[in-house]
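Before any comments, here is the structure.
Order of listing sets the numbers, starting from 1, for every ligand and every atom in it.
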Amino acid sequence: MPLDFLKRKGQTAEPASAAPTKATSGLMPEEVVAQDFQLKLYYAGKTSEGVRMRTGPQAMAELPSMLVGLAKSEIEVVEPLPIEFSQATPTIARPSEAMQWLNAHHIHSPITRHALVVLESIDAVDLAFDTFVCSLLDGEIDTSGYPEYNAIVGGVAAHWDEATGDMICRAVVGWGGRGVRGDTDRIGNKLLASLLTNILANQHAVGLTAIERPVPAAGRGGLVCAHCGFASAHERAFYCPKCGMRLLRG
Ligand SMILES: [Zn+2]
């Protein structure tokens, strides 16, 4: 078979009869001429230490205020996912997981969806137990409203400490896409520090704490909160990921 398809653009307009067919047909060339294709995606993010909050379940209402002064777009709240979305993953080659993810997140803004793709891909947030409050923090968006590769997105992720029932907040930033820029990491560090300052400045903050992230067991869980009706996908949850009230077992 003639290797017509390897010809450069501009040559392809030649009529097929012009190609040298009979002489080379069926012969393996001595060297394969390969055209290489690749896409390098770069996702990165940072999270801070945790800050323990003494507030009780009304703490959730405090979260958006921690982005004030830093948010460059609308501040959006992403709640923990209930059990029917426990397999949700932003991976298009896995249609069942991808459909769950889209069903869970299509309501959010392009900025928040971009943030979730980046931060879930690098495991910086886990919506089995995290509540994530998100905004554009630095950089530009494209004409469709999606952040550029060097734009920084993020905010505050919060979960309920399984031992004490306190809310633990941490600053989270992320960026990425088809490109890398040298100063993004430095700006990310600066924004992380500013977010942590905002969290610590909250009236209910009682100081830094080591984060022990709950380990969710995928596909298990199913405890239903008697207070808000939320069905947790998170097997170890003692506290409702959504409203923070104690879950009743049995
Ligand atoms: Zn609840």
query = Between Asp138 and Lys190, is there a salt bridge with N-O shorter than 4.0 Å?
reply = no

message = Quick one about Tyr146 and Arg113 (side-chain donor to acceptor, distance below 3.5 Å, no hydrogens or angles considered), yes or no?
response = yes

message = Per the salt bridge (Lys or Arg N to Asp or Glu O under 4.0 Å) rule, what does the pair list look like for residues 63-86, sequence neighbours excluded?
response = Glu79-Lys242

ask   = So, Glu148 and Trp175: side-chain donor and acceptor under 3.5 Å apart, yes or no?
value = no

task = Using 2.8 Å as the cut-off, note every protein N, O or S atom close to the Zn ion (ligand 1).
result = Cys225 SG, Cys228 SG, Cys240 SG, Cys243 SG

query = Just one of Thr47, Ile152, Thr184 clears the side chain to side chain contact (heavy atoms under 4.5 Å, CB included) bar with Val173, so which one?
reply = Ile152

task = State whether the side chain of Asp126 and the backbone N or O of Ala128 hold a donor-acceptor pair below 3.5 Å, judged by distance alone.
result = yes

